[in-house]
Amino acid sequence: MTDSTNFKKIWCMVKKIPSGRVSTYGEIARMSGLPRRARLVGTALRAAPAEFDLPWHRVINAQGKISFAIDSERFKQQKALLQEEGVVFRAGVIKLEDFAWKESCDELLWRV
DNA sequence: GCGCTGACCGCCA
DNA sequence: CTGGCGGCCAGCG
C-alpha cells in the first residue's frame, strides 16, 4: 500500500470529474478512500505524467479557489481551461455545488 | 534516518 | 473577510 496505488486511485477519480464541473482536493481524497489526505491529491497531480490527460484543472481547493499563486502561469492556465468549460468565477471564486459521480474506479483498480 | 516543503483542510479568533 | 494552528504525510534533498 506504499507504492503508487494511491496515486492511481486519485488519478482515476479526477478523470471522472465531468467537464464544466469542479471538485476539491479533499473531496477527491475522500472519494478515493483516503480521507484527510487532500495534500496527497496535490502531490499526485503534480506527479501525473502529461500523457494521462487528466482534467487536473477541475480540482480546486475547498474555498472554491485555484491553489496557485494568482500571478503564476499555472493559475492563468487553469482559469482559462475552466472558463472554456463554462465554469463561472465570481470575484475569483467558484461556487462549489454538491454532485456525485455515478461511475466507480473498479475497472481501473483491478489493473493496479 | 531527518528536516523541510507543500496544487490541503477544518476550526477558531 | 483575514490569519494562525494543528493535523496530514509523500517526496526530496
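- Geometrically, A:K79 engages A:F89 in a cation-pi contact, judged by NZ or CZ lying under 6.0 Å from the ring centre and within 45° of the ring axis.
- Closest non-hydrogen pair, A:V14 versus A:P55, comes out as O-CG, 3.2 Å.
- With contacts defined as side-chain heavy-atom distances shorter than 4.5 Å, the pair A:T24/A:N61 does not qualify.
- The shortest non-hydrogen separation linking A:A38 to A:A29 is N-CB, 3.9 Å.
- In plain terms, the two heavy atoms of A:S32 and A:I28 that are nearest each other are OG-O, 2.7 Å.
- Using a 4.0 Å heavy-atom criterion, one finds that A:L40 contacts the sugar-phosphate atoms exclusively.
- With contacts defined as side-chain heavy-atom distances shorter than 4.5 Å, the pair A:L54/A:V59 does not qualify.
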Please produce a list of atom pairs where a protein N or O lies less than 3.5 Å from an N or O of nucleotides 5-8 of chain C.
residue, atom, partner, partner atom, Å
C:dG7, O6, A:R39, NH1, 3.4

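- In 5' to 3' order, the nucleotides of DNA chain B bounding all contacts with chain A (an atom under 4.0 Å from a heavy atom) are B:dG6 to B:dG10.
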Can you run through DNA chain C from 5' to 3' and write each base as (, ), [, ], | or . depending on how it pairs? Watson-Crick or G-U wobble, both distances under 3.5 Å.
.||||||.|||||
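- No chain of hydrophobic side-chain contacts below 4.5 Å, direct or via other Ile, Leu, Val, Met, Phe, Trp or Tyr residues, connects A:V93 to A:V87.
- A heavy-atom distance below 4.5 Å is not found between the side chains of A:K76 and A:D71.
- A:K16 places none of its side-chain heavy atoms less than 4.5 Å from the side chain of A:M31.
- Identified under the salt bridge (Lys or Arg N to Asp or Glu O under 4.0 Å) test for residues 34-57 of chain A, with sequence neighbours left out: none.
- When every heavy atom of A:F7 is checked against every heavy atom of A:A44, the shortest pair comes out as CD1-CB, 3.7 Å.
- Note on A:V22 and A:F99: same hydrophobic cluster, where clusters join Ile, Leu, Val, Met, Phe, Trp and Tyr whose side-chain heavy atoms are under 4.5 Å apart, directly or indirectly.
- In this structure, A:L45 and A:Y25 approach most closely via the heavy-atom pair CD1-CE2, 4.2 Å.
- If you chain together hydrophobic residues whose side chains sit under 4.5 Å apart, A:I66 and A:I70 fall into the same group.
- For A:R58 and A:E85, the salt-bridge test passes: some basic side-chain N is under 4.0 Å from an acidic carboxylate O.
- Within a heavy-atom distance below 4.0 Å of DNA chain B, the residues of residues 69-84 of chain A found are A:R74.
- Contacts with DNA chain B (heavy atom under 4.0 Å) in residues 50-58 of chain A: A:W56, listed by number.
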